[in-house]
Engineer: 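Provided herewith is a single structure, encoded as structure tokens, for subsequent inquiry.
As the structure is a prediction and not an experimental result, all values here were calculated from the model. We use all heavy atoms of the structure for the numbers below, so side chains are in, but hydrogens, waters and symmetry mates are not.
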Amino acid sequence: MADSPIDIRVIAHFDIDCFYAQSEVLRCPSLRGRPVGVTQKFLVVTTNYIARSLGVPKMVSIDEAKKVLPALVLVNGEDLTPYRAESKQIMAVLGRYGVVQRSGLDEGAVDITAQVKARLQCGFPALSFSSHILGWEAVSGEPGNDSGGTFVNVDSTKLELEKISGVDTALLVGSQVVSEMRSAIEKETGFQCSCGVAQNKMLAKLASSLNKPSKQTCLLSGAVERFIAPLPARKIPGVGRQTEAILLDLGVQTITDLKKVSVCQLSERLGARIGQFLYDACRGRDYTPVLDKGPPKSITVEDSFRNCTTLQQAEGILRVLAPDLIKRLDEDRVETGRRPKSLTLKWRVQGPKWNFISVSTDLPVELLSPSLSKEQRAAVAVEVASRLLLRNLGHSFHLVVLNIGATNFVETSTSDPAVRDIRSFLQAQGNSPRKELKVTSKNDARARRESFKTMTSALPAGPTGAVLGLNFSAVADSQKTPDTHIFGSGHVGDEYQLSNSSDEEDGWRDLADQLKSGVRASCPTATNFTQTQSYKDVSDQLQSQQSTDLLHSKSIFKTSHPAKLKQFFVENEDVMKLESPDSQRAGVTNTGGLHFRTQTAGSSRIANSIAKREVVPESTSQKKKRKSRNGTLDAFVIRK
DNA sequence: ATGGGTCCT
DNA sequence: AGGACCC
């Protein structure tokens, strides 16, 4: 039965040809035309196709490779930094054509169904591309080739359109799209790749490895069964050594063998999930969508070595690794705004058992603190890691691999790209229409906003203040510990009820009274930091006191969560640094990222607008007035 | 094996 | 925390 058009998918699987080796050749043109191998430690991890044609496969020892081919040019590829950067460029090109699911630096699946459908809107589009095609005979009337597919320069004149099924039509148009994608990648990044086009991720991946390098293979529907039937079960992505061994025990070698085993039998030996997966896979079925997995869930650095038997040696290794980790975490923060919560240490000891041992701990906030030098932060990492090692290894050990990394990333206020660079953000406010801020965090950001609305609408009408820029609100913890506050992030445009007093300090006191009167039990509200002390001062204070007045003159709240408060200060330090005498002069109280302007009764227009939750641009006269005092803040906009 | 990653249990 | 899998 034919698939309904709504079920048809066209998936392309891309695989950059010998990625590391190609990268080295691209960055060092004198290598072009020569056999090249990329090394990590004592291994040649990959070779270009020239080297392969001269007898050097990938994953051989350097000694062996040199013996086979003395002319082999070896390049060290232990530092993945350039590969990561190039991979990102390539993935960005792919991303223009559909959702991309990366797997490793050099591979990815792209769902190009939408592209295909768009081209079929106006009937069968003109085709012009070269591809290997399995099942060619069914759509052309020409003879086909089952080993690797028929190589054809496709154009519409070769096709017997009336004979082609909807699925195959889509796959052929998809191949046209893929041909253009490969050209785009090569033109924009220099990289050549191989590609498979099929109805699902598994088949596309299998097809992509059929013809290399720099070739594409299309697997038409009629050829699926006979293509996969003779393949070893191990070829199914997801079937590794262990599963292969169990299948062999069941008498299964090929996909054809696998088809004869019942789901029950498979599930018995391998668990229901893998059982069902294999049952589908050997029939060419893979219903899993192409999913963008987002930024990495862990960032780690590691090294391997021959002997590391003392803590001093381990620390030496960590001192090399830690700066790399810090650098990568910083880059990640610039890109994503998130922060890792856990530090993991993983190692392998010498011996027949090659398994990794791993431990994790809370990642010390100092590791990410912008006020500490990179060296200081690296030293913190080394210290924590070495303590972890000492605790878990005892005194006699022999490490061969050491890995340190960060996981458990959480969104922060700066995870929102719109507020990541508050400097440009604030500058942009005056000139551009207000950007809708997206609340992306899966946590309680939405709930917080909702409860905030409840709070602001429940409060009596009256003069109101509004947050001008990025703000942080203190979320009341719970009733059980009065005077306890957890610090979280608020949002641009959140509104706060302030006092009608023109005296800032009274305003804050009123706010505190509101909180005390019970509003805070269920609602987030504003808190008040002033930026008169550096993080270090606060940190010292926090360390010396269990509960501390935040700051002298304007502090209202106490905290019973010094650790969380400290975390908050570290997280937001870069924002807090924005504090400038200018904003003081402007009559704006910048309180640790909170930009408040107190509205007196005279500003009824704005007060009303806030009540109605309108967007209110600052009036020209207001702006002029303020600009005459200072020019740092360009807009006063209230949202919702 | 290398220097990374993923997801599941 | 460890295992199986992927490149």
Engineer: Taking only side-chain nitrogens and oxygens of A:S298, does any of them come within less than 4.0 Å of OP1 or OP2 of B:dT6?
Structural biologist: yes
Engineer: With a sphere of 6.0 Å drawn around NZ of A:K374, does it hold more than 12 non-hydrogen atoms of other residues, nucleotides or ligands?
Structural biologist: yes
Engineer: Tell me the closest heavy-atom pair linking A:S130 and A:Q216, and the distance in Å.
Structural biologist: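 That closest heavy-atom pairing would be O-CG, 3.5 Å.
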Engineer: Indicate whether OP1 or OP2 belonging to C:dC7 is found under 4.0 Å from a side-chain N or O atom of A:K205.
Structural biologist: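 Yes, within the criterion.
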Engineer: Please give me the minimum heavy-atom distance between A:T113 and A:I8, naming the atom from each residue.
Structural biologist: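 Smallest heavy-atom distance, with atoms named: CG2-O, 3.5 Å.
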Engineer: If each of A:K346 and A:V400 is mapped to the nucleotide of DNA chain B with the nearest heavy atom, which maps nearer the 5' terminus, i.e. the 5' end?
Structural biologist: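 The residue closer to the strand's 5' end, by nearest nucleotide, is A:V400.
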Engineer: Could you tell me the separation between the CZ atom of A:F19 and the C1' atom of C:dC6, rounded to a whole number of Å?
Structural biologist: 16 Å
Engineer: Can you check whether A:S360 has a side-chain N or O nearer than 4.0 Å to OP1 or OP2 of C:dA1?
Structural biologist: yes
Engineer: CG of A:N403 versus P of C:dG2: gap in Å, rounded?
Structural biologist: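 Going from CG in A:N403 over to P in C:dG2 covers 13 Å.
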Engineer: A:K293 side chain: which of B:dC7, B:dT2, B:dT9 is closest?
Structural biologist: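 Nearest to the side chain of A:K293 among the choices is B:dC7.
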Engineer: Scan A:L80 against the nucleic acid and name what it touches under 4.0 Å (heavy atoms): base, sugar-phosphate only, or nothing.
Structural biologist: sugar-phosphate
Engineer: Would you indicate, yes or no, if B:dG3 has its OP1 or OP2 atom less than 4.0 angstrom from a side-chain nitrogen or oxygen of A:S304?
Structural biologist: yes
Engineer: For the pair made of CG in A:D303 and C1' in B:dG3, what is the distance, rounded to whole Å?
Structural biologist: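 So the two atoms are 9 Å apart, to the nearest Å.
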Engineer: Considering only heavy atoms from C-beta outward, does the side chain of A:N211 approach that of A:S194 to under 4.5 Å?
Structural biologist: no
Engineer: OP1, OP2 of C:dG2 versus side-chain N and O of A:S358: anything below 4.0 Å?
Structural biologist: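 It does, given that an N or O in the side chain of A:S358 lies less than 4.0 Å from OP1 or OP2 of C:dG2.
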Engineer: Between A:Y20 and A:Y83, what is the ring plane arrangement, given parallel below 30°, perpendicular above 60°, and tilted in between?
Structural biologist: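 Ring orientation, 0 to 90° scale: parallel.
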Engineer: A:L247 has an atom CG; how far is it from atom P of C:dA4, in whole Å?
Structural biologist: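 A:L247 atom CG is separated from C:dA4 atom P by 15 Å.
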Engineer: Quickly work out the A:K327 NZ to B:dG4 P distance and round it to whole Å.
Structural biologist: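 So the NZ-P distance, A:K327 to B:dG4, works out to 12 Å.
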Engineer: Is A:R102 close enough to B:dG5 that one of its side-chain N or O atoms is under 4.0 Å from OP1 or OP2 there?
Structural biologist: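 So the side-chain polar atoms of A:R102 never come under 4.0 Å of the phosphate oxygens OP1 or OP2 of B:dG5.
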Engineer: Where the side chain of A:T243 is defined as all heavy atoms beyond and including C-beta, which of C:dC5, B:dT2, B:dT6 is the nearest nucleotide?
Structural biologist: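 That would be C:dC5.
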Engineer: Does A:R348 have a side-chain nitrogen or oxygen under 4.0 Å from the phosphate oxygens OP1 or OP2 of C:dG2?
Structural biologist: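 False: A:R348 side-chain N/O out of range (4.0 Å or more) of C:dG2 OP1/OP2.
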Engineer: Phosphate oxygens OP1/OP2 of B:dG5: is one of them under 4.0 Å from a side-chain N or O of A:T300?
Structural biologist: yes
Engineer: Looking at the side chain of A:Q242, which of B:dG4, B:dG3, C:dA4 is the nearest nucleotide?
Structural biologist: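 Shortest atom-to-atom distance from the side chain points to C:dA4.
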Engineer: Give A:V60 one of three labels, base, sugar-phosphate or nothing, depending on what nucleic acid heavy atoms sit under 4.0 Å from its own.
Structural biologist: nothing
Engineer: With a 4.0 Å cut-off on heavy atoms, is A:I357 in touch with a base, just the backbone sugar-phosphate, or nothing at all?
Structural biologist: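 The residue A:I357 makes sugar-phosphate contact but no base contact.
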Engineer: Tell me: CG of A:L270 to P of B:dT9, nearest whole Å?
Structural biologist: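 It is 12 Å, rounded to the nearest whole Å.
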Engineer: Could you state the CH2-C1' distance from A:W347 to B:dG3, rounded to the nearest angstrom?
Structural biologist: 19 Å
Engineer: Just compare B:dT9, B:dG3, C:dC5 and give me whichever is closest to any side-chain atom of A:R241.
Structural biologist: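 My answer, after comparing the listed nucleotides, is C:dC5.
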Engineer: Check the distance between C:dC7's C1' and A:R234's CZ and give it to me in whole angstrom.
Structural biologist: 13 Å
Engineer: Can a side chain N or O of A:R328 be found less than 4.0 Å away from OP1 or OP2 on B:dG4?
Structural biologist: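 So the side-chain polar atoms of A:R328 do come within 4.0 Å of the phosphate oxygens OP1 or OP2 of B:dG4, strictly under.
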Engineer: Between A:N307 and A:T309, do the side chains contain a donor N or O and an acceptor N or O under 3.5 Å apart?
Structural biologist: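 Looking only at side-chain atoms, A:N307 and A:T309 do not form any donor-acceptor pair under 3.5 Å.
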